[in-house]
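Structure first, then comments.
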Amino acid sequence: MTEDRYDPHAIEPRWRGAWREMDLYAIDLAGAERPCYALVMLPYPSGDRLHVGHWYHYGPADTWARFMRMRGFDVFEPIGFDAFGLPAENYAVRTGIHPADSTERNVANMIEQLKQMGAMWDWDHTANTSDPSFYRWTQWIFLELYRAGLAYRKEAPVWWCPQDQTVLANEQVLEGNVCERCGTPVEKKDLTQWFFRITRYADELLDGLDELEWPERTKTLQRNWIGRSPGVEIDWQVEGKDRAIRTFTTRPDTIYGVTFLVLAPEHPLVDEVTTDDRRAAIEAYREQARRLSDIERASTEAAKTGEFTGGYAIHPLSGERIPVWVADFVLLTYGTGAVQGVPAHDERDYDFANAMDLPIPRVIEPDDLSAVGADQAYTGHGIVHDSGPYSGMRSEEMLEKVIDDLETAGKGERKVNYRLRDWLVSRQRYWGAPIPIIHCPECGEVPVPDEDLPVELPYDVDFSLGAGKSPLERSKTFMHVDCPNCGGPARRDPDTMDTFVDSSWYFMRYISPNDAERPWPREIAERWLPIYQYSGGIEHATLHLLYSRFMIKALRDLGHVGFDEPFRRLIHQGTITNHGAKMSKSRGNVISPDEYIAEHGADAFRAYMMFGFSWTEGGDWKDEGIRAVAAWLQRVWRLVHLHQDLWDPNARLAGGDPESEASRALVLARHRSVKGATDDLAAWQFNTAIARLMELVNACYQYSPVDQAPREGISEPILKEAIETVIRLLAPIAPHLAEELWAMTGREPSVVDAAWPAHDPDVLATEEVTMVIQVNGKVRERMRVPRGLSEDEIRARALGHGRIPDLIDGKPLRKAVVIPDKLVSLVV
RNA sequence: GCCGGGGUGGCGGAACUGGUAGACGCGCCGGACUCAAAAUCCGGUGGCCGCGAGGCCGUGUGGGUUCGAUUCCCUCCCCCGGCACCA
């Protein structure tokens, strides 16, 4: 009792040990009555120590989960490891250490560090995506999708990373067309690859967003990524040929402004349309386009180039002859690979027409002429003219009408295009789930029979890159297999799956990670999903978060789950930067939490992560606040320590008047803090939740000065209840310390199973309020009045209050606004 | 270029649907305790003017709506993120 400090390094490991002994965080998934699945995006098990980002994400996420548990929810809070992937394999190439070995070591290492946080993770419900018992089901899912036609193989122009020697999905190519993993510029290659048919769900993925409680900006990112454009495909008869060029447009209301058609250089009709005298020029242009990198070709800066084919198409409505051009700004991969050129009303077409000296006739009159310059395209709407029967209509109106007319005439078809492409899932790398397909010269693609799953990765392989084939393809023992269908000699598919396939369903596996019979028990999954609350970085907005949504919808259609979305609520933590720069190993600016934890303990570090930043915003690293938070935890500990006699079972609490000013003020402070902390924690606003708790601690000190003994002026039961409330409110934030304080009050662990305190709104509705009096918009006076006073009475009192009569100075009152219990605004 | 998000004291950050701007904390200043220091406890702290009472200014810029604007509308300037010849 002489020591007036607590030692986090003594109590933290002790309580973690006690919790483990009690099996405190094991929950009965089948029997839970108020399921709350609190999921965090799972970490990649690198060989490095945990960084600030891990603590910033997982600490507060656990605080929220503890808060929910105290509020009576059955909280399921698992964590696992996204353990497949390139870093481990590249490490193997460099060092010769096998990915399976380095990963196993890293996972064990990471678990030990994660345990320091004192989170409620249930280590009986974890997952390691690189474990055969996990990827056996990743392969099963692949085959389910395959059998449903949702996984397929085709040759297509795909992104290839020359550094990592593998293909990538569109979503994994970052701005400037560089590889998400290594930053190397990627190339387009025509390769036969496996895809998941995510485009089949484009509309549902878009519409489903409306129902989700996700940050609006994340939904926007997905909407833009899916890129829905409704429009029409139109057939243009090629003059003198029994062929039509099909274009796609979202603006058929500009069709009378078409002065040319443009085909992508790779368009299959180019040969046919090109006249003999233009053939050499067209061939040269196509060759030139082929040589251009995609980056050069995609540049909006580059001047428009193109070549006339010599051919003409017939305008489907006016019957005019329209020249057909080839130009590389038209992409074969979007729409039909052919567009109609409307230079007056499309910027690209405008630039092209200017470069090629083509006419630029206007067919839409802008509503506001001043809004559009003479030297630019007008892309807005307005009154249509020079457009045959449509002249005089509003362009919005014509847009719908002309589509109907084209459809009726058999010259067009309503069509929706998407920016979203099918998800390329095969990778020419070793450290991933092998694609469970066998290629048989007789039978073609043959799925590996379920009973032969998992297709395990061979251990003994050559990881070296650049040999032109994936490591698996070089393993004869792996590749050679008998066809399950005909028994003849066949080869395994040499590719592995994108690790985003693993992470698109891992949260289902946490439910029953050791079940060898099925991927998840459906009836339990239905209880726990969609996930109540997911947390993680926004960088996955168009990757993991999109893929998982697709996966759940596909699994639903295959009858394996009964819900539509994986994550009902989503929240993103911000990023902690160092001197404004993102922390990364290559920059050498990574902050390690280790020394701070060694000095102040895990609770202090956790609490600082929550108090020092606005959690969803993040911010620049600053360590001054850690000492302050650690000191505050000491202050809380001291508060309980100094008043420990309140919990002495032999003591009779008598002192103090419960109606005294101090007693009443402390009661008010308690209710106020409970209300504030509850609202703030529910909204993941940790900094203000802690601020509210600090206020209560301050109030405890203020109304029960610790150097005064015996306590004067304060009711002991009221003080006792206030301090107990401090402990409960602290429990999610600093779990070890709160447990220690809980024990100091003589209670059995655990405080996480103590009820979250409730506040009484009647107490907060004090009988007197302070009202502000404004004169001509400026605050001039304040007055104390009974709550609920009538507007008339308030106005009358305000007019006579303090300096107000002087300020008004007999001038007539022009206006008086009264907001009861808040303010009076007088205008003279 | 387009689409999001953001600009508030010396600093991190608060402010519900338009209603006391700056909660809480850091830092700084002062006091108590101490031989002293640390630790701790208490008080002060947006800027300018004023002895004071008090006044004026103040949420990136300039305007507007309103009794009243950090909050709503318009103009512009910066910062961050995403997309980018998607027809």
Side-chain angles (χ1 to χ4, degrees), chain A residues 4-5 174-176 215-225 227-229 231 247-251 254 262 297-302 304 327-331 333-342 345-349 351-352 379 417-421 538-539 541-542 574-575 577 580 608 611-614 616-620 622 624-629 631-632 634-635 638 676 679-680 685 687-695 697-698 701-702 705-707 770-782 803 814-819 821-828:
Chain A
D4 67 346
R5 295 177 70 78
L174 303 183
E175 68 176 313
E216 219 32 64
R217 60 188 169 134
T218 311
K219 294 192 199 181
T220 304
L221 288 175
Q222 289 209 352
R223 284 191 188 104
N224 292 345
W225 187 262
R228 182 177 196 271
S229 338
T247 60
F248 172 74
T249 182
T250 56
R251 293 295 301 274
T254 63
V262 190
R297 216 182 128 171
S299 165
T300 50
E301 308 298 319
K304 293 278 183 291
D328 64 7
F329 76 90
V330 176
L331 308 175
T333 47
Y334 187 80
T336 58
V339 303
Q340 48 178 53
V342 187
H345 304 292
D346 181 280
E347 281 171 33
R348 294 150 301 179
D349 298 346
D351 292 343
F352 187 74
T379 55
N417 261 305
Y418 301 91
R419 220 186 69 94
L420 182 71
R421 292 296 130 77
I538 194 174
E539 65 271 19
T542 57
T575 311
T577 53
Y608 172 62
F611 184 66
F613 305 86
S614 174
T616 53
E617 297 295 316
D620 213 41
K622 239 185 102 201
E624 290 96 84
I626 298 177
R627 240 192 48 247
V629 169
W632 178 71
Q634 289 289 351
R635 181 172 160 89
R638 202 175 313 113
D679 292 349
D680 290 346
Q685 284 159 11
N687 54 347
T688 48
I690 293 173
R692 295 292 86 80
L693 180 50
M694 286 174 167
E695 283 170 348
V697 172
N698 290 347
Y701 272 91
Q702 187 184 342
V706 291
D707 50 356
T770 302
M771 287 190 62
V772 168
I773 307 171
Q774 297 182 347
V775 177
N776 291 339
K778 287 185 191 294
V779 177
R780 295 301 182 188
E781 279 287 358
R782 285 148 221 272
R803 301 180 293 136
R814 289 200 295 144
K815 189 163 188 174
V817 178
V818 177
I819 309 292
D821 301 340
K822 285 208 164 154
L823 64 72
V824 182
S825 184
L826 305 169
V827 187
V828 291

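What you are looking at is a predicted structure, and each value in this text was computed from that prediction instead of being measured. Here is how names work: the chains are called A, B, and so on, in the same order as the sequence lines, proteins then strands, and each is numbered from 1.
- Here A:R780 contributes atom CZ and A:L826 contributes atom CG; the two are 11.5 Å apart, rounded to the nearest 0.5 Å.
- Straight-line distance from the CG atom of A:N224 to the C1' atom of B:G1: 14 Å, rounded to whole Å.
- Among the protein residues, A:A631 comes within range of the sugar-phosphate backbone only, with heavy atoms under 4.0 Å from sugar or phosphate atoms but none that close to a base.
- Looking at heavy-atom distances under 4.0 Å, A:R228 makes no contact with the nucleic acid at all.
- A:E781 places a side-chain N or O within donor-acceptor distance of the main-chain N or O of A:R803, the cut-off being under 3.5 Å.
- Of the side-chain N and O atoms in A:R635, none sit less than 4.0 angstrom from OP1 or OP2 of B:A39.
- For the pair A:Q634 CD and B:U40 P, the interatomic distance rounds to 8 Å; values are reported in whole Å.
- With values rounded to the nearest 0.5 angstrom, A:D680 atom CG is found 8.0 Å from A:N687 atom CG.
- At least one side-chain heavy atom of A:R421 sits under 4.5 Å from a side-chain heavy atom of A:Y334.
- The side chain of A:S825 lies closest to B:C67, out of B:C67, B:C56, B:C86.
- A:Q774 comes within 4.0 angstrom of a base, heavy atoms only.
- Nearest-nucleotide positions on RNA chain B for A:I690 and A:G227 put A:I690 closer to the 5' end.
- For the pair A:S229 and B:A87, the criterion of a side-chain N or O lying under 4.0 Å from OP1 or OP2 is met.
- Distances shorter than 4.0 Å separate none of the side-chain N or O atoms of A:R5 from OP1 or OP2 on B:U40.
- Across all strands, A:L221 comes closer than 4.0 Å only to sugar-phosphate atoms, never to a base (heavy-atom distances).
- Here CD1 of A:I773 is found 10.0 Å from CG of A:L823. Values are rounded to the nearest 0.5 Å.
- Spacing between B:G18 and B:G68 at atom C1', rounded to whole Å, works out to 8 Å.
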Next item on the list: Evaluate side-chain hydrogen bond (donor to acceptor under 3.5 Å, both in side chains) for A:T577 paired with A:D620, printing each intermediate quantity in order.
Entry: CA-CA 5 Å; A:T577 53; A:D620 213 41; 2.7 Å; yes
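- Contact check for A:V339 versus A:V262: side-chain heavy atoms found under the 4.5 Å cut-off.
- Interatomic distance, CZ of A:R638 versus CH2 of A:W632, reported as 12.5 Å (0.5 Å rounding).
- Taking atom CZ on A:R217 and atom P on B:C3, their separation rounds to 18 Å, with Å as the unit.
- As rounded to the nearest Å, B:C48 and B:G58 have C1' atoms that lie 10 Å from one another.
- Among the protein residues, A:V827 comes within range of the sugar-phosphate backbone only, with heavy atoms under 4.0 Å from sugar or phosphate atoms but none that close to a base.
- With a glycosidic angle further than 90° from 0, B:G60 counts as anti.
- Expressed to the nearest 0.5 Å, how far CZ of A:R251 lies from CD of A:Q340 amounts to 10.5 Å.
- Rounding to whole angstrom units, CG of residue A:L331 and P of B:C85 are separated by 7 Å.
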Quick test: give all pairs of protein nitrogen or oxygen and nucleotides 45-47 of chain B nitrogen or oxygen below 3.5 Å, distance rounded to 0.1 Å.
none

Margin query: So if I define the base as every atom that isn't primed, P, OP1 or OP2, how would nucleotides 9-14 of chain B read as a B/S/- string at a heavy-atom cutoff under 4.0 Å?
Written below: --SBSS
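- Between A:R638 and B:C41, a side-chain N or O to OP1/OP2 separation shorter than 4.0 Å is present.
- Nearest nucleotide to the side chain of A:R421, out of B:C26, B:C86, B:G4: B:C86.
- Here the CE-CZ distance, from A:M694 to A:R635, works out to 9.5 Å after rounding to the nearest 0.5 Å.
- For the C1' atoms, the distance linking B:A14 with B:U65 amounts to 27 Å, nearest Å.
- Using C1' as the reference atom, B:C16 and B:G10 are 30 Å apart when rounded to the nearest Å.
- By the 30° and 60° cut-offs, the orientation of the rings of A:F352 relative to A:F329 is tilted.
- Comparing the same atom, P, in B:G47 and in B:A38 gives a spacing of 26 Å after rounding to whole Å.
- Here the nucleotide nearest the side chain of A:Y701, chosen from B:C42, B:A87, B:G4, is B:C42.
- OP1 or OP2 of B:G27 lies within a sub-4.0 Å distance of a side-chain N or O belonging to A:R627.
- For the pair A:L826 and A:A691, nearest-nucleotide mapping onto RNA chain B gives the more 5' position to A:A691.
- Within the 3.5 Å criterion, the main-chain N or O of A:K304 finds no donor-acceptor partner in the side chain of A:D351.
- Counting non-hydrogen atoms under 4.0 angstrom, A:R419 reaches a base of the nucleic acid.
- When base pairs are accepted only as Watson-Crick or G-U wobble with both N-N or N-O distances under 3.5 Å, RNA chain B takes part in stems of 3 or more pairs at B:1-7 with B:77-83, B:10-12 with B:24-26, B:27-32 with B:40-45, B:46-49 with B:54-57, B:62-64 with B:72-74.
- Under a cut-off of 6.0 angstrom, the local environment of CZ in A:R627 is sparse, with at most 12 non-hydrogen atoms contributed by other residues, nucleotides or ligands.
- For the OP1/OP2 pair of B:C42 and a distance below 4.0 Å, the side-chain nitrogens and oxygens of A:N698 include no atom meeting the criterion.
- With B:A87, B:G19, B:A15 as the candidates, the nucleotide lying closest to the side chain of A:Q685 is B:A15.
- Using P as the reference atom, B:U71 and B:U8 are 14 Å apart when rounded to the nearest Å.
- When the P atom of B:C16 is taken as reference, atom CG of A:L823 falls 16 Å away, rounded to whole Å.
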